[in-house]
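What follows is a short report on a single structure.
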Amino acid sequence: MSLIREFTKIVGESQRQYKNVIGKPLILTEEVGAEAAGSENLLCHGDNKAFMKTLLDERQMAGKIQMIYIDPPFFSKSNYDAVVKAGDTNIKHLAYGDKWEKGLSEYLKMLAVRLYLMKDLLADDGLIWLHLDWHVVHYAKVIMDEVFGEKNFVNEIIWTYKSGGTSKKHFARKHDTILVYAKSGKYRFYPLQEKSYNRQFKPYRFKGVKEYKDEAGWYTMVNMKDVWNIDMVGRTSAERTGYATQKPEQLLSRMIESCTREGDICADFFCGSGTLPAAAGNMDRKFIACDLGSLAIESTIKRLVKQEESFQVFDLKPEGKSKIDAVVEVKEEEIPSSDKRLLKISLVSLKERGLSKTVERKSKDKVKQVLKEDPLQMVEGWSIDFHYTDGVHRPEVIFVRTKGELETSYEKIISQKSLICVKIVDIFGNVVFERIGYERNHETENH
Ligand SMILES: C[S@@+](CC[C@H](N)C(=O)[O-])C[C@H]1O[C@@H](n2cnc3c(N)ncnc32)[C@H](O)[C@@H]1O
C-alpha cells in the first residue's frame, strides 16, 4: 500500500498505542550537584515513551513543560558512531541506531505515539520544536498537523551549515528543518533580532532608522528570519563531546530564548549528548531529558557536571550486571591523637567483560592493547559518595577526564564509618557502582 493511503492507519494505530502506553517506576540512581535533593532537573535513562507516561501519571506533569525540543533519529537507515578516546587513539563505538526493519510506517508510528504524549506534557502557552531533515520532515509535518492541529503551526526553521559531504548527483544537502508548533493560539513568543547589512554595507541615513557599524560595514537590527546560519559543532570546538550528531548549543539557546523565561522547564526526550539540558542550564531554565543509550546519558552527565548543574538521574530498569569490572583500593590510616582517620581511595584497574558488538571491529585490537597496558585509560570518569544511603549515589567528589587527564586517587579525613559508593564510567558509557563495605575489612562489593 502506498504510504499516503496508509497514513490514516498509521495515525489510528498511533492513537491506540498512545492510549495504552504503560509507565514504569522511575528508579532514582543518582543525585548530582549541591542542590540535587528535590531538584526539578531530571535526566532519565530509558525509553522516552514510558518515561513521559510516568511524568504524566506519577509526577502530575501534564501541561507543565514550557518548551519541548526533540532531535529524534532521522530515518536515515544508518547507524551512528560516537568517537571516544582510549589513550591517544580514537575509537568508534555505536552511539545509536537509525535502522527501521518495518520501514517508514513503523518510524512514523514511533514518532506519533510520542508526539501525543508530548502534547499532554506541553504547557498551553508552550512551543514544541521537532528537528528533522529531508528524509522524513514532510511526512512528519502531516503528523504534526494531525497531533497539534494545522492552525497551531508556528514556523519552519531552516538550519543551514557548511560542514558535511557533497555529491555529484544533487545539490549539496546543507540544511535541517525544525518544525515549530504551539499547543494553542495563546503561545508565548519573544521575537529575537538579528543584523541586516545595508546594501554595499554603506549607511542609508533614513530618518528614524537606527543604524550600526561593525567590521563588515553598516547594518540595521531586524526581527530574526526563519533561516538560521549556525556552524555545526566542529572537530576542535570546546563543546564537542564526540557523540554522534551533536547539535550546537547556539541553535538550542536561540530556541530557548524565543519561547521561555528563567525558571521555565525545557525538555528533550531524545537528548543524545545533552545539548538541550546544557543550554537550558546555562540560561537558568530547568531541564528534563531522556535517552535510551548509556553513552548518551553519561555524556550528558559529564557535560552537566562540568557546568556545575544540580540534577537527579533516574533509570527505568533496575541495575543489572555491569559490562565492566573495576578494582578500587581503599586504604585507611589512623591520625595520631585523634579519633579521625585518613581514607585514601584509588582506582587500580578496569576490565571489560567482553567487548560488545557496539565497538567497531577495527578498534577492538587497540582497546585490548590499552586494557592490557594501561587499563585506567579506559576510565572516562568516576565519583565517590562517602555516605551511601537508600541505594542512591550522591557523589561528593567527581572526576572527569579532561584533555586526556584523569585523577585516579582521592584522600579524605573522616570521623565516622559509613558505606561508600564509587561510580566508575568507561569511555563507552558503561557504568559500575562499587559499594565498599567499609566496616567489613574494606573489601569491594561488586553488583
Ligand atoms: C539525533 S540523536 C540526539 C542528538 C542530540 N540532540 C545532541 O545534541 O547530542 C537521537 C537520540 O535519540 C535517542 N533515542 C532514540 N530512540 C529513543 C527512545 N525511544 N527513547 C529515548 N531516546 C531515544 C538515541 O539514543 C539518540 O541518542
Side-chain angles (χ1 to χ4, degrees), residues 14 17-18 21 23-24 26 42-55 67-84 93-100 106-118 129-133 135-137 140 159 161 176-178 230-234 237 239-256 266-282 287-304 314-317 358 428-429:
S14 310
Q17 282 186 24
Y18 152 69
V21 175
K24 280 190 181 166
L26 294 180
L42 316 177
L43 177 61
C44 179
H45 180 202
D47 190 322
N48 51 25
K49 190 168 72 170
F51 177 54
M52 287 191 276
K53 182 69 177 162
T54 304
L55 288 180
M67 181 242 194
I68 298 177
Y69 164 80
I70 57 163
D71 172 25
F74 283 9
F75 194 72
S76 60
K77 303 178 190 153
S78 304
N79 286 332
Y80 288 90
D81 285 328
V83 180
V84 293
H93 172 258
L94 180 75
Y96 66 93
D98 188 10
K99 291 187 174 171
W100 303 84
E106 178 199 5
Y107 173 89
L108 292 174
K109 275 187 241 170
M110 175 288 290
L111 189 62
V113 174
R114 286 161 176 82
L115 289 171
Y116 280 114
L117 292 161
M118 287 178 214
W129 307 66
L130 170 61
H131 188 148
L132 290 167
D133 72 359
H135 288 93
V136 285
V137 70
W159 168 39
Y161 39 77
D176 289 5
T177 305
I178 301 156
I230 294 175
D231 283 343
M232 282 210 183
V233 181
S237 160
E239 68 185 83
R240 190 174 178 93
T241 62
Y243 195 80
T245 67
Q246 179 187 351
K247 302 303 179 297
E249 266 185 59
Q250 195 193 347
L251 181 73
L252 278 292
S253 310
R254 197 176 273 190
M255 297 177 200
I256 293 170
C266 303
D268 181 350
F269 297 104
F270 295 83
C271 76
S273 65
T275 310
L276 181 279
N282 274 332
F287 55 82
I288 296 180
C290 175
D291 202 284
L292 265 184
S294 56
L295 181 61
I297 294 299
E298 293 309 321
S299 303
T300 302
I301 293 177
K302 181 173 175 179
R303 211 162 164 181
L304 296 174
F314 296 89
D315 213 311
L316 294 180
K317 274 199 306 244
T358 49
F428 306 126

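For ligands, and for the atoms within them, numbers begin at 1 and follow the listed sequence.
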Legend entry - atom 22 (N) of ligand 1: nearest protein contact (heavy atom, Å): Leu292 N, 3.2 Å
Legend entry - Student check: side-chain heavy atoms of Val136 and Leu111 closer than 4.5 Å: no
Inset, instruction - For atom 8 (O) of ligand 1, find the nearest protein heavy atom and state the residue, atom name and distance (0.1 Å precision). - result: Thr275 OG1, 2.6 Å
Legend entry - Contacting atoms of ligand 1, where contact means under 4.0 angstrom from a heavy atom of Lys247: 6 (N), 7 (C), 8 (O)
Inset, instruction - Quick one: sort the Tyr243 and Tyr96 rings into parallel, tilted or perpendicular, breaks at 30° and 60°. - result: parallel
Acceptor/donor pairs from residues 269-282 side chains to any protein atom, 3.5 angstrom cut, sequence neighbours excluded:
residue	atom	partner	partner atom	Å
Ser273	OG	Arg303	NH1	3.1
Thr275	OG1	Lys247	O	3.3
Thr275	OG1	Arg303	NH1	3.2
Asn282	OD1	Gln307	NE2	3.4
Asn282	ND2	Glu249	OE1	3.2
Asn282	ND2	Ala278	O	3.4
Asn282	ND2	Gln307	OE1	3.4

Inset, instruction - Show your working on side chain to side chain contact (heavy atoms under 4.5 Å, CB included) between Asp81 and Leu94 and close with a plain yes or no. - result: CA-CA 4 Å; Asp81 285 328; Leu94 180 75; 4.3 Å; yes
Legend entry - Closest non-hydrogen atom pair between Leu132 and Pro72, with its separation: CD2-CG, 3.9 Å
Inset, instruction - For Tyr243, take its heavy atoms, then give the atoms of ligand 1 lying under 4.0 Å from any of them. - result: 25 (O), 26 (C), 27 (O)
Inset, instruction - Pull out every atom of ligand 1 sitting under 4.0 Å from any heavy atom of Phe269, numbered as shown with elements. - result: 21 (C), 22 (N)
Inset, instruction - Answer with side chain, backbone, both or neither: which part of His131 has a heavy atom less than 4.0 angstrom from an atom of ligand 1? - result: neither
Inset, instruction - Consider every N or O of Asp291 and every N or O of ligand 1, then say whether any pair is closer than 3.5 Å. - result: yes
Legend entry - Protein contact of atom 9 (O) of ligand 1 - nearest heavy atom, named by residue and atom, plus distance: Ser273 OG, 2.7 Å
Inset, instruction - Show your working on side chain to side chain contact (heavy atoms under 4.5 Å, CB included) between Phe51 and Ile288 and close with a plain yes or no. - result: CA-CA 11 Å; Phe51 177 54; Ile288 296 180; 3.7 Å; yes
Legend entry - Min N/O separation Gly274 to ligand 1 under 3.5 Å: no
Inset, instruction - Would you mind telling me if ligand 1 is within reach of the side chain of Cys271, the backbone, both or neither, using heavy atoms under 4.0 Å? - result: backbone
Inset, instruction - Only counting residues at least two apart or in another chain, list the ones meeting salt bridge (Lys or Arg N to Asp or Glu O under 4.0 Å) with Lys49. - result: none
Inset, instruction - With rounding to the nearest 0.5 Å, note down the distance linking CD1 in Ile178 to CG in Asp133. - result: 11.0 Å
Inset, instruction - Answer whether the closest heavy-atom distance between the side chains of Thr300 and Asp291 falls below 4.5 Å. - result: no
Inset, instruction - Return a yes/no value for Asp71: is any of its N or O atoms, backbone included, closer than 3.5 angstrom to an N or O of ligand 1? - result: yes
Legend entry - Arg114 touching ligand 1 at heavy-atom level, < 4.0 angstrom: yes
Inset, instruction - Say whether Asn48, considering both its backbone and side-chain N or O atoms, lies within less than 3.5 Å of an N or O atom on ligand 1. - result: yes
Inset, instruction - Measure the distance from atom 19 (N) of ligand 1 to every protein heavy atom, then report the residue, atom name and distance (to 0.1 Å) of the closest one. - result: Asp47 OD1, 3.2 Å
Inset, instruction - Report yes or no: does Gly46 have a heavy atom closer than 4.0 Å to ligand 1? - result: yes
Legend entry - Pick from Tyr96, Phe270, Phe74: the one approaching atom 23 (C) of ligand 1 most closely through a non-hydrogen atom: Phe270
Inset, instruction - Measure across Ala95 and Ala244 and return the closest heavy-atom pair with its distance rounded to 0.1 Å. - result: CB-CB, 4.1 Å
Inset, instruction - State whether a side-chain donor-acceptor pair under 3.5 Å links Asp176 with Tyr161. - result: yes
Inset, instruction - May I ask you to check if ligand 1 and Tyr69 share an N or O to N or O distance below 3.5 Å? - result: no
Inset, instruction - Identify, by atom number and element, the atoms of ligand 1 in contact range of Gln246, meaning under 4.0 Å from any of its heavy atoms. - result: 7 (C), 8 (O), 9 (O)
